[in-house]
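Okay, so here's the structure we're looking at.
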Amino acid sequence: PPRACDDYWSEFRHCKSLWNRFHHYYTHGTSPSCQQWKEDYRNCREWEKRKSTEAKEALQRSERNRVAEQTKFTPVWKLRQYPPRDWNMPLNQDKPQDS
Amino acid sequence: MDHTKQEGEYGYELFPHRNMGKNKQGSIAEGQFTFNHKCQIMLQFAMETSYMDLNLTSLSSQHSKLFKDRHFSCEDCDGTVSGGFDASSSQIVLCQNNIRQQSHMNRVVTHELVHAFDHCRADVDWFNNLRHLACSEIRAANLSGDCSFSTEAARFNFGLKQHHQDCVRGRAIRSILAVRKIGQEEAEKIVNEVFNTCFNDHAPFGRIPHSKKDANFAYRDYENRDRYYSNL
């Protein structure tokens, strides 16, 4: 499975916690929906124990959905292929005086 | 780069000790008792909190490893600004005269690391593209804890329902106005244009880290990313 099954359970518990519900309301103005994590946990266990293809597909669908949710907005900038060339170039003030 | 143009237009006047060609470190004795020393110590603590792990690790994986001596600079700044990211020298500036508490330092470092992260992973045109600048400011305000309930409460901004978003919008606009000579309305328009995309871009965290637990879960997800993507 994409994550360890215990990870799904801990995400579910974290989602339902008072702190998280508070922060979610503060950020989005709504209550968080946590049922999907519980569902994913169940499917994860099914997949591991019984190698159920239904559970596997359901879980994969759910995770792909999560990824799609994160990437559904048109990006403002273009991603780089390589990091900036001058990232590690020495600063002018650090150049040795005795060149 | 033309220094006179830079100072007037890109907010460099807020950081009077940048790029002036002189080494401003001073003697060791002076360093012990001034803000610079305190700044260096707080920075060290900030980089050791587990909250920072994901920030620093993800930057390394972008092949942009951070070196404290090269990429951070403690300096005196004007006004009330707390820090900045100087793209032309790839340095994070920390305002030693304006950062007094460790928690503040942690937030400023996280905020500037988001800028550094954006600089490393995307072609951000910091100087000419206001939408890029706005996007990075939205992300930095969103993900650094600048707009957390407790931080806002300390500023006497007691909002609740969706207040986080109002705060992020407001701070992004303020940040832009501080470094560019444009009007309030234009800044608002630009921030509103890119808000949806940039508010929902949580890289590298995958979520908005409100607490240490969020940060730890985000780090866990990051460490397991290979397994995750290969099993979708």
Side-chain angles (χ1 to χ4, degrees), chain A residues 1-4 6-7 10-11 13-15 17-32 37 44 47 56-57 59-95 97, chain B residues 19-24 62-65 67 69-71 73 87-91 118-125 129 131-132 134-136 142 147-149 159-165 193-194 196-198 200-203 206 208 210-211 213-214 217 220-221 224 227-232:
Chain A
R3 304 179 213 236
D6 284 342
D7 287 0
S10 60
E11 288 281 7
R13 294 306 312 272
H14 177 63
C15 182
S17 72
L18 195 56
W19 262 136
N20 184 63
R21 283 186 295 175
F22 172 76
H23 282 133
H24 198 273
Y25 187 74
Y26 178 69
T27 311
H28 302 287
T30 57
S31 263
W37 288 115
C44 184
W47 180 349
K56 174 179 174 185
E57 276 167 20
L59 183 54
Q60 284 177 324
R61 241 178 300 134
S62 161
E63 288 288 15
R64 276 188 228 129
N65 218 16
R66 282 206 182 96
V67 175
E69 283 291 310
Q70 288 263 317
T71 52
K72 69 182 179 189
F73 303 94
T74 13
V76 170
W77 44 48
K78 229 172 50 152
L79 293 179
R80 284 180 192 266
Q81 301 281 4
Y82 306 102
R85 267 171 304 147
D86 56 358
W87 181 254
N88 273 316
M89 268 168 58
L91 299 163
N92 284 334
Q93 61 206 56
D94 289 346
K95 279 218 177 82
Q97 298 298 325
Chain B
N19 286 340
M20 290 299 127
K22 288 174 277 181
N23 190 329
K24 294 230 131 228
Q62 304 277 336
H63 303 291
S64 300
K65 191 152 166 40
F67 295 102
D69 297 327
R70 164 62 180 84
H71 296 112
S73 175
S88 57
S89 62
S90 303
Q91 266 199 331
D118 286 339
H119 182 66
C120 288
R121 65 153 177 163
D123 246 321
V124 182
D125 186 354
N129 192 327
R131 295 171 88 240
H132 286 189
C135 194
S136 196
N142 187 18
C147 283
S148 71
F149 182 79
L160 186 55
K161 181 170 177 171
Q162 260 185 309
H163 182 74
H164 182 89
Q165 293 190 33
E193 263 177 36
V194 298
N196 262 340
T197 300
C198 305
N200 288 298
D201 180 357
H202 301 147
I208 300 173
H210 294 287
S211 62
K213 198 153 194 205
D214 280 325
F217 277 25
R220 179 178 73 181
D221 288 347
N224 293 330
R227 168 180 174 171
Y228 182 73
Y229 286 108
S230 62
N231 279 302
L232 284 186

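Note that these values count all heavy atoms, side chains included, but never hydrogens, waters or copies made by symmetry. Proteins get letters first, then strands, A, B, ... in listed order; numbering begins at 1 in each.
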I'd like to check [X] versus [Y] (side-chain heavy atoms, cut-off strictly below 4.5 Å). Are they in contact?
X: B/D118; Y: A/W77; result: yes
X: B/H163; Y: B/F149; result: no
X: A/P1; Y: B/R227; result: yes
X: A/V76; Y: B/D201; result: no

Query raised in the report: Does the ring of B/F217 carry B/R220 above it, NZ/CZ under 6.0 angstrom from centre and within 45° of its axis?
Result: yes

* **A/R66 charged N/C atom sitting above A/W37 aromatic ring, 6.0 Å / 45°** => yes

For the candidates [options], which exhibits the highest count of non-hydrogen atom pairs separated by less than 4.5 Å from chain A?
options: B/S148, B/A87, B/A203; answer: B/S148
options: B/N200, B/N224, B/I208; answer: B/N200
options: B/K161, B/R131, B/K65, B/K213; answer: B/K161
options: B/H202, B/H132, B/Q165, B/Q91; answer: B/H132

Okay, A/S17 and chain B: the region with an atom under 4.5 Å from a heavy atom over there is neither

When the 4.5 angstrom heavy-atom criterion is applied to A/E11 and chain B, the contacting part is both

The salt bridge (charged side-chain N to carboxylate O under 4.0 Å, His left out) partners of A/K78 (sequence neighbours excluded) come to none

Measure [X] against the heavy atoms of chain A and call it side chain, backbone, both or neither at under 4.5 Å.
X: B/D221; answer: side chain
X: B/S230; answer: neither
X: B/H119; answer: both

Just list the side-chain donor-acceptor pairs under 3.5 Å for residues 18-26 of chain A, sequence neighbours left out, or say none.
| from | atom 1 | to | atom 2 | distance (Å) |
| --- | --- | --- | --- | --- |
| A/N20 | ND2 | A/C15 | O | 2.9 |
| A/R21 | NE | A/K16 | O | 3.2 |
| A/H23 | ND1 | A/W19 | O | 3.3 |
| A/H24 | ND1 | A/T30 | O | 2.9 |
| A/Y26 | OH | B/C147 | O | 2.8 |

Looking only at A/T27, A/T74, A/V67, most heavy-atom pairs under 4.5 Å shared with chain B are made by A/T27

Counting heavy-atom pairs under 4.5 angstrom with chain B, the leader among A/A4, A/P75, A/G29 is A/G29

